[in-house]
Asker: 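To start, I am sharing the structure in question, which I have written as structure tokens.
This is a predicted model, so every value here is computed, not measured. Counting from 1, the numbers follow the sequence of the chain as shown.
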Amino acid sequence: MRAQQSLKNCTRSRLHRCLWARVAPALFIAAGLVCAITPPLAVAVTCTSQSELSAAERASLTAAARHFGSLIDAGNASAVKMETIPAVAEQFSGISAQIATLAPITSAATLTVVGLYDLDATDLTSAQDQTQFFCGGANSPEVVFSIPQIPPGHYAVAMLHATAVAKPQQMTFVLAQAPQAGIAPASAAGAATNTGPTGPWMLAGLYVRPMTAAGHDGLWYWNKARAYAQSKQNWNAYFYLQTAESLLVPVDFVGSPNLDKLIKEQNAVAPEALPGEKPMNLSANGHSYSITAMHTDGSLGALDLVIAYQAADNSDPVATRTRNVEVMHAMLTQHPELREGFHGLWVYSNVANQRTFANELPMAQIP
């Protein structure tokens, strides 16, 4: 529906889902996140979802997504930079590193466009604290994009899956049309391939996330989490829902009814002791450990639980390893269900001005 929408305050239950921003001139690089605190302002912006686009508009955005996806699969960062808006091209190192990491993984992948959204902000008179684009209907939008400090212009979001490889990936491109970007693509191929009704599409942001972890997709983890929740294994349920979210949500600045449902389920099973704004205290053998973060990791081929804590000294590797194993043992003693949910534990000992010390053990080797 091409209807005017109005700006709203952040209403998400989790702060890091509200907004995505770093510096206004380079808004599409995405780093630190803050929630708007100013009153909402009425602005004229529209979102047109894929099913509502004309055939020409769909073809234009599909071509742009495939074009950039092919350049990335080929590892051609220089060509991507030539077709990137100036504000992002000036700080291109992050995107270049992503391309270098991704290309070997997806070089033989099948590329499929799975989502297209046209974001029209040409009627904005200036950048706002937060602009929300409601896609698919004002009363029950299928997707909401929340973008801070977006300048007036014509943008789009294109989502692409790279599959038929060992580690399938999802790529999300934020695109800006050349008149708003202030420059035309330097590549003749880009200008010819990506041209929309009012000008060529240029890259304004790249976001890459895996589609699987330890051989399973996000829906598998969501269903497994529900089974754990029914068995009152809330620690396993929470971290499996966390894993599901990381695999199912392509970017931090998008919301949807399904995502809200997932987060609601996650909040319902969240253990009270989890580290967050304050660290979690873990007691072991008369010692107290300050746990600062916990999350899952599947990089070794099976799903592990990662635990980070703040320590006083890492200079003795033998003593630090002993301390890390003590943390593992204490965590499993207090929450034995974790032995069922995870292959093993990673423990990171963090000390200011010292090198982080980490080690991993499978459950069978943890006392």
Asker: Which pairs would a plain distance check flag for residues 210-217, meaning a side-chain donor or acceptor within less than 3.5 Å of a matching protein atom at least two apart in sequence or in another chain?
Answerer:
residue	atom	partner	partner atom	Å
D217	OD1	L219	N	3.3
D217	OD1	W220	N	2.9

Asker: Step by step, would you call I150 with V45 a side chain to side chain contact (heavy atoms under 4.5 Å, CB included)?
Answerer: CA-CA 11 Å; I150 185 171; V45 299; over 6 Å; no
Asker: For R339, I'd like to know if atom CZ has over 12 heavy atoms of other residues, nucleotides or ligands within 6.0 Å.
Answerer: yes
Asker: If you round to the nearest 0.5 Å, how far is CG of L303 from CZ of F239?
Answerer: 10.5 Å
Asker: Just jot down the side chain to side chain donor-acceptor pair (under 3.5 Å) partners of Q233, sequence neighbours excluded, or say none.
Answerer: N236, E340
Asker: Is there a side-chain contact between M159 and Q50 (heavy atoms, below 4.5 Å)?
Answerer: no
Asker: Are L345 and V327 linked, directly or through intermediate hydrophobic residues, by side-chain heavy-atom contacts shorter than 4.5 Å (ILVMFWY only)?
Answerer: yes
Asker: Under 3.5 Å, sequence neighbours excluded: what are the donor-acceptor pairs made by side chains of residues 106-113?
Answerer:
residue	atom	partner	partner atom	Å
T106	OG1	D73	OD1	2.6
T106	OG1	L102	O	3.2

Asker: Test S349 against every option in N359, N314, T320, T356 by the side chain to side chain donor-acceptor pair (under 3.5 Å) rule and name the one that passes.
Answerer: N314
Asker: Any link between V251 and L119 through a network of hydrophobic side chains (Ile, Leu, Val, Met, Phe, Trp, Tyr) touching at under 4.5 Å?
Answerer: yes
Asker: Between Y309 and R323, is there a side-chain heavy-atom distance shorter than 4.5 Å?
Answerer: yes
Asker: Going by the rule ring-ring contact (aromatic ring centres under 6.0 Å, His included), which residues pair with F145 if we only count those two or more places apart in sequence or in a different chain?
Answerer: Y117
Asker: Any link between V165 and V208 through a network of hydrophobic side chains (Ile, Leu, Val, Met, Phe, Trp, Tyr) touching at under 4.5 Å?
Answerer: no
Asker: If you apply the rule side chain to side chain contact (heavy atoms under 4.5 Å, CB included), what do you find for L241 with Y228, and how did you get there?
Answerer: CA-CA 10 Å; L241 284 168; Y228 280 131; over 6 Å; no
Asker: Tracing side-chain links under 4.5 Å among I, L, V, M, F, W and Y, which residues wind up in one group with I105?
Answerer: none
Asker: Would a 4.5 Å heavy-atom cut-off, applied to side chains only, mark L248 and W222 as touching?
Answerer: yes
Asker: Measure the SG-CD distance between C47 and Q132 for me, rounded to the nearest 0.5 Å.
Answerer: 12.0 Å
Asker: For H343, enumerate each residue passing the ring-ring contact (aromatic ring centres under 6.0 Å, His included) test, keeping only those at least two apart in sequence or located in another chain.
Answerer: none
Asker: Any side-chain to backbone donor/acceptor pair from T62 onto R58? Under 3.5 Å, distance only.
Answerer: yes
Asker: If the condition is side chain to side chain donor-acceptor pair (under 3.5 Å), which residues does R66 pass it with, not counting sequence neighbours?
Answerer: none
Asker: Over all heavy atoms of both residues, which pair between P362 and E360 is shortest? Give the atoms and the distance, please.
Answerer: N-OE2, 3.9 Å
Asker: Does the Y240 side chain pair with the main chain of G341, one donor and one acceptor, at a distance under 3.5 Å?
Answerer: yes
Asker: Checking side-chain polar atoms at under 3.5 Å, does S60 have a donor or acceptor matched by the opposite partner on E57?
Answerer: no
Asker: Share the residues that join Y348 in a hydrophobic cluster, the rule being Ile, Leu, Val, Met, Phe, Trp or Tyr side chains under 4.5 Å apart at the heavy-atom level.
Answerer: L300, V306, W346
Asker: On a heavy-atom basis, which atom in G255 and which in L259 lie closest, and how many Å separate them?
Answerer: CA-CD2, 4.1 Å
Asker: How long is the gap from CG on L361 to CE on M363, to the nearest 0.5 Å?
Answerer: 10.0 Å
Asker: Within a strict 4.5 Å, meaning less than it, do heavy atoms of the T48 and D120 side chains meet?
Answerer: no
Asker: Identify, with sequence neighbours excluded, every residue that meets side chain to side chain donor-acceptor pair (under 3.5 Å) alongside N258.
Answerer: none
Asker: Using the side chain to side chain contact (heavy atoms under 4.5 Å, CB included) rule, take L206 and I99 through it: C-alpha gap first, then chi angles, then the decisive distance, then the call.
Answerer: CA-CA 9 Å; L206 169 64; I99 294 172; 4.2 Å; yes
Asker: May I ask you to decide if I72's main-chain N or O and Q98's side chain share a donor-acceptor pair within less than 3.5 Å?
Answerer: no
Asker: If you measure from CG on L282 to CE on M328, what distance do you get to the nearest 0.5 Å?
Answerer: 12.5 Å
Asker: Answer with yes or no whether the hydrophobic clustering places L338 together with Y221; edges join I, L, V, M, F, W, Y residues whose side-chain heavy atoms lie under 4.5 Å apart.
Answerer: yes
Asker: Classify the side-chain pair N76/S78 by whether it contains a donor and acceptor separated by less than 3.5 Å.
Answerer: yes
Asker: What pairs of donor and acceptor atoms, side-chain ones from residues 288-298 against any protein atom, are under 3.5 angstrom apart with sequence neighbours left out?
Answerer:
residue	atom	partner	partner atom	Å
Y289	OH	E326	OE1	2.2
T292	OG1	A308	O	3.3
T296	OG1	T243	OG1	2.7
D297	OD2	S299	N	3.1
D297	OD2	S299	OG	2.5

Asker: Any idea which heavy atoms bring A244 and L262 closest together, and the distance?
Answerer: CB-CD1, 4.1 Å
Asker: Between atom NZ of K261 and atom CD of Q266, what is the distance when rounded to the nearest 0.5 Å?
Answerer: 15.0 Å
Asker: Tell me the salt bridge (charged side-chain N to carboxylate O under 4.0 Å, His left out) pairs involving residues 224-237, sequence neighbours left out?
Answerer: R226-E265
Asker: Check side chain to side chain donor-acceptor pair (under 3.5 Å) between Q310 and all other residues, then give those that pass, not counting sequence neighbours.
Answerer: none
Asker: Any chance you could measure Q170, atom CD, to H161, atom NE2, to the nearest 0.5 Å?
Answerer: 5.0 Å
Asker: Considering non-hydrogen atoms only, spot the tightest contact between D304 and G344 and give its length.
Answerer: OD1-N, 2.9 Å
Asker: Are the side chains of Q334 and P336 in touch, meaning some heavy atoms are under 4.5 Å apart?
Answerer: no
Asker: Can you see which heavy atom on A156 is nearest to which on L61, and at what distance?
Answerer: CB-CD2, 3.4 Å
Asker: For a side chain to side chain contact (heavy atoms under 4.5 Å, CB included) check, start with the C-alpha distance between F133 and T46, then their side-chain angles and the critical distance, and finish with the verdict.
Answerer: CA-CA 6 Å; F133 297 85; T46 63; over 6 Å; no
Asker: Is there a donor-acceptor pair closer than 3.5 Å between any side-chain N or O of N285 and the backbone N or O of H287?
Answerer: no
Asker: Test salt bridge (charged side-chain N to carboxylate O under 4.0 Å, His left out) on D252 and R209 and set out the steps.
Answerer: CA-CA 11 Å; D252 284 341; R209 291 189 176 177; 2.7 Å; yes
Asker: What's the shortest heavy-atom distance between A89 and T84, and which atoms?
Answerer: N-CG2, 3.7 Å
